[in-house]
Structure formats: structure tokens, C-alpha cells
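Step one of this worksheet: look at the structure below.
Order of listing sets the numbers, starting from 1, for every ligand and every atom in it. Because the structure is a prediction, the values reported are computed rather than measured.
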Amino acid sequence: MNNTVIFSLFGETKQVKEISAALNYCEGTLLIHSFPDTESLVTIETEVKDKKVILLAYLDRPDAKIFQLILAAETIRSLGARRIILIAPYLPYMRQDKQFHEGEGISSIYFAKLISTYFDRLITIDPHLHRWPSLSEIYQIPTQVLHAANIIALWISENISKPILLGPDGESAQWVNVIAKELAAPYLVLKKERFGDQDVTSTLPEIVEYADYHFVLIDDIISSAATMIEAVNQLKQQKIHRITCLGVHAIFAGNSYQKLLDTGVTNIISCNTIMHFSNKIDLTKALITALNK
Ligand code: R5P
């Protein structure tokens with residue numbers, strides 16, 4: 001066993017077991033006690049003195065988790081850990097990357113400042129880099145960004161015949177383009193306008209020549225699913241019925257998964273950066289490779 005301890009914080013046990021088995025890490029245990037007033041107490045049960053420590057945390061619905069994450073990191077540091085690395089396969093708070101309306105702040109900066117204070121390094125997968133060209137613009141610690149594109153392309157090639165990829169908005173063009181190239185498949189991008197959290201309209205480009213293709217809608221985040229639902233509705237109006245919705249980060253707020261299912265899509269697929277029953281694409285090997293370097 002080497003000098004690294006890896007902990008799961010919010011139910012990431014399966015991935016932690018696979019990573020520790022592959023890299024000969026020690027799988028640490030910690031307890032999070034919630035007091036009646038909802039304050040938390042973290043107890044580290046594994047020796048961390050002079051060790052490199054990795055915290056793997058699924059950070060969807062982050063507000064309820066962030067303070068426990070910080071308590072864990074600070075407790076581990078106080079017990080003498082040498083370095084603390086955060087693996088957040090889904091990196092929250094990236095979408096407020098500018099002041100959209102008067103009176104608002106830029107939360108992505110504040111969140112980055114917070115994480116940079118408590119961790120020595122961050123590893124994440126496909127963060128929502130839209131207006132920030134890279135994480136180093138806002139994070140003060142070394143960051144490593146992994147990409148799901150190749151693994152998604154492999155999944156599509158093994159599971160979908162005659163695919164055409166569809167990006168639901170301009171931002172998605174960056175990864176749809178890479179996956180399409182990998183598959184030597186055609187791709188198109190919709191024009192999207194957002195008017196509110198759940199209020200989205202999109203314009204579909206000409207698709208007549210692709211009528212017999214299987215449409216694969218790909219987005220980085222599915223949250224309210226409004227973006228996906230609008231794109232699916234546009235396709236249905238054009239009598240397209242073979243539709244797969246694929247998201248890297250399956251947030252699926254409220255009953256959005258059911259709403260998307262109710263549109264009659266063929267498939268809803270996601271990567272395991274957030275625990276969800278649509279997880280079909282496993283990115284654990286990418287994490288292992290990154291840690292092994
Ligand atoms: C846009 O900025 C993102 O790439 C996603 O399109 C967006 O987060 C999806 O959100 P929702 O599912 O709420 O429409």
C-alpha cells in the first residue's frame with residue numbers, strides 16, 4: 001500500500017474502491033455527524049499524518065455539501081496530511097461566469113477562491129468552461145481537467161448505429177464537434193435562447209437529409225432538462241423518433257428526468273460524475289489514469 005489515502009464523502013464508495021484497488025491506495029473512512037441544529041462534525045477514522053489525501057466528492061446540489069467538504073479538508077489538514085487533493089468529477093458554480101444582471105455577482109470566482117483556500121490541487125471532468133477559457137483564470141491552485149469526449153464517442157460507436165450528433169446550444173459545439181470527429185459522424189448545433197431557469201427556446205437547423213439517422217443530443221449539464229426537452233420537441237415536430245439524450249453531468253433537478261422521459265425519447269444516458277440511474281458511461285478509468293501520472 002502506498003502513502004495515499006482516498007476518502008469518499010457523499011456516496012462515491014464504488015468509484016473510491018475501484019481507484020484504491022487500481023492504484024494501491026488506502027481507502028479511508030470518515031464519519032459525518034449531523035447535530036439536531038443541522039451543524040456537522042467530521043471525524044477522520046484513518047491515519048492521515050504525512051500522507052497524500054484525496055477526497056472524491058460528487059458536488060451536485062453543492063450548497064448542502066460544501067461546508068462538510070471544507071470541514072473534512074480542514075480536519076484532515078489539522079491531523080497532519082501532507083497534501084489534499086479534491087476530485088470533483090462535476091464542478092459546480094461554473095455557469096455564473098459573468099454578471100448577467102445588475103446586482104449579481106460572479107459566483108464561479110467566489111467558489112474557485114473557496115476551493116483554492118482549502119485544497120492543494122483540483123481534478124475535475126468537463127467543467128462548464130464557457131466564458132472562462134481555463135480554470136486557471138479563477139482557481140489559484142493547480143487544476144487538471146479531464147474530458148469525457150473519447151469515452152462518450154466509444155459508447156456511441158458501440159451502442160448507436162448511424163448517429164448524427166446534435167448540440168443543443170452554441171456552447172455545446174466544443175465537445176459535440178470533438179465527438180463527431182472521433183466517430184466520423186455528422187453533427188449540427190441548435191440556436192438556443194434562455195429566458196428563465198426553465199424557459200428555453202431553440203431553433204433547429206435543416207435536418208431533412210438526416211431523417212433516417214439516430215439523433216444523439218449531447219450537452220455537458222442536464223439540470224432542469226429544459227434545454228434537452230426543447231430540442232427533443234423540435235426534433236419530434238420534424239418527425240424524428242430515434243433520439244438519445246446524453247449528458248456528461250446528470251443533475252436532473254426536481255422531476256426533470258421524468259419530464260424528459262415523458263417526451264418519448266429512446267434513451268437517456270449520462271456519465272458517472274454525479275450518481276444517477278442514467279449513468280451508463282463510466283469515467284473511473286480516466287480518473288485512475290490521471291492519478292497515476
Ligand atoms: C448551458 O449553459 C449548459 O451547457 C447546459 O445547456 C445547461 O446547463 C442545461 O441546463 P438545463 O437542463 O437547466 O436546461
Side-chain angles (χ1 to χ4, degrees), residues 58-63 88-101 104-109 111-112 124-135 137-138 145-149 152 165-180 187-205 215-236 243-263 265 267-271 273-279 281:
Y58 296 148
L59 292 184
D60 56 303
R61 286 127 187 118
D63 290 11
Y90 165 66
L91 189 61
Y93 276 106
M94 286 300 291
R95 285 180 291 175
Q96 184 73 16
D97 55 2
K98 77 165 199 177
Q99 187 191 45
F100 293 94
H101 307 102
E104 291 178 354
I106 307 179
S107 325
S108 52
I109 296 179
F111 188 75
T124 188
I125 302 174
D126 285 326
H128 187 79
L129 288 170
H130 180 200
R131 291 173 187 86
W132 298 120
S134 72
L135 289 183
E137 299 281 321
I138 48 175
V145 169
L146 313 181
H147 298 285
I152 290 176
L165 309 192
L166 198 56
D169 55 27
E171 287 144 66
S172 64
Q174 46 179 316
W175 45 86
V176 170
N177 167 6
V178 174
I179 300 168
Y187 79 94
L188 298 168
V189 173
L190 282 93
K191 263 204 192 112
K192 174 174 102 178
E193 258 193 286
R194 185 181 283 279
F195 302 99
D197 290 346
Q198 317 238 5
D199 188 3
V200 162
T201 59
S202 355
T203 319
L204 192 64
F215 279 72
V216 185
L217 275 157
I218 303 185
D219 209 349
D220 60 341
I221 300 169
I222 309 179
S223 178
S224 70
T227 302
M228 281 287 179
I229 291 170
E230 169 67 4
V232 171
N233 289 339
Q234 296 288 335
L235 288 171
K236 293 260 169 185
I243 306 169
T244 289
C245 293
L246 200 159
V248 178
H249 308 296
I251 296 179
F252 285 114
N255 64 345
S256 58
Y257 179 75
Q258 190 56 46
K259 283 206 239 157
L260 182 55
L261 208 57
D262 291 345
T263 60
V265 286
N267 246 330
I268 304 174
I269 305 293
S270 66
C271 302
T273 60
I274 290 171
M275 236 187 316
H276 190 263
F277 42 81
S278 59
N279 290 168
I281 303 178

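The side-chain contact (heavy atoms from CB on, under 4.5 Å) check on Lys191 picks up Thr203, with sequence neighbours excluded. Residues that satisfy the side-chain contact (heavy atoms from CB on, under 4.5 Å) test with Asn233, not counting sequence neighbours, are Ile229, Thr263. With sequence neighbours left out, Ser172 forms a side-chain contact (heavy atoms from CB on, under 4.5 Å) with Pro168, Asp169, Trp175, Val176, Asp219.
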(Q) As a quick check of understanding, evaluate side chain to side chain donor-acceptor pair (under 3.5 Å) for Asp220 and Tyr90, giving each step before the final call. (A) CA-CA 10 Å; Asp220 60 341; Tyr90 165 66; over 6 Å; no
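Inspection of the Thr227 and Arg194 side chains reveals an N or O donor paired with an N or O acceptor under 3.5 Å.
Between the CD1 atom in Ile218 and the CG atom in Leu165 there is a gap of 4.5 Å [rounded to 0.5 Å].
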Do any nitrogen or oxygen atoms of ligand 1 lie under 3.5 Å from a protein nitrogen or oxygen, and which ones?
unit_1	atom_1	unit_2	atom_2	d
ligand 1	2 (O)	His128	NE2	3.4
ligand 1	2 (O)	Glu171	OE1	2.7
ligand 1	4 (O)	Asp219	OD1	3.2
ligand 1	4 (O)	Asp220	OD1	2.6
ligand 1	6 (O)	Asp169	OD2	3.2
ligand 1	6 (O)	Lys192	NZ	3.2
ligand 1	6 (O)	Asp219	OD1	3.4
ligand 1	6 (O)	Asp219	OD2	2.5
ligand 1	8 (O)	Arg95	NH1	2.7
ligand 1	10 (O)	Arg194	NH2	3.2
ligand 1	12 (O)	Ser223	N	2.8
ligand 1	12 (O)	Ser224	N	3.2
ligand 1	12 (O)	Ala225	N	2.8
ligand 1	13 (O)	Ser224	N	2.8
ligand 1	13 (O)	Ser224	OG	2.6
ligand 1	14 (O)	Arg194	NH2	2.9
ligand 1	14 (O)	Thr227	N	3.0
ligand 1	14 (O)	Thr227	OG1	2.5

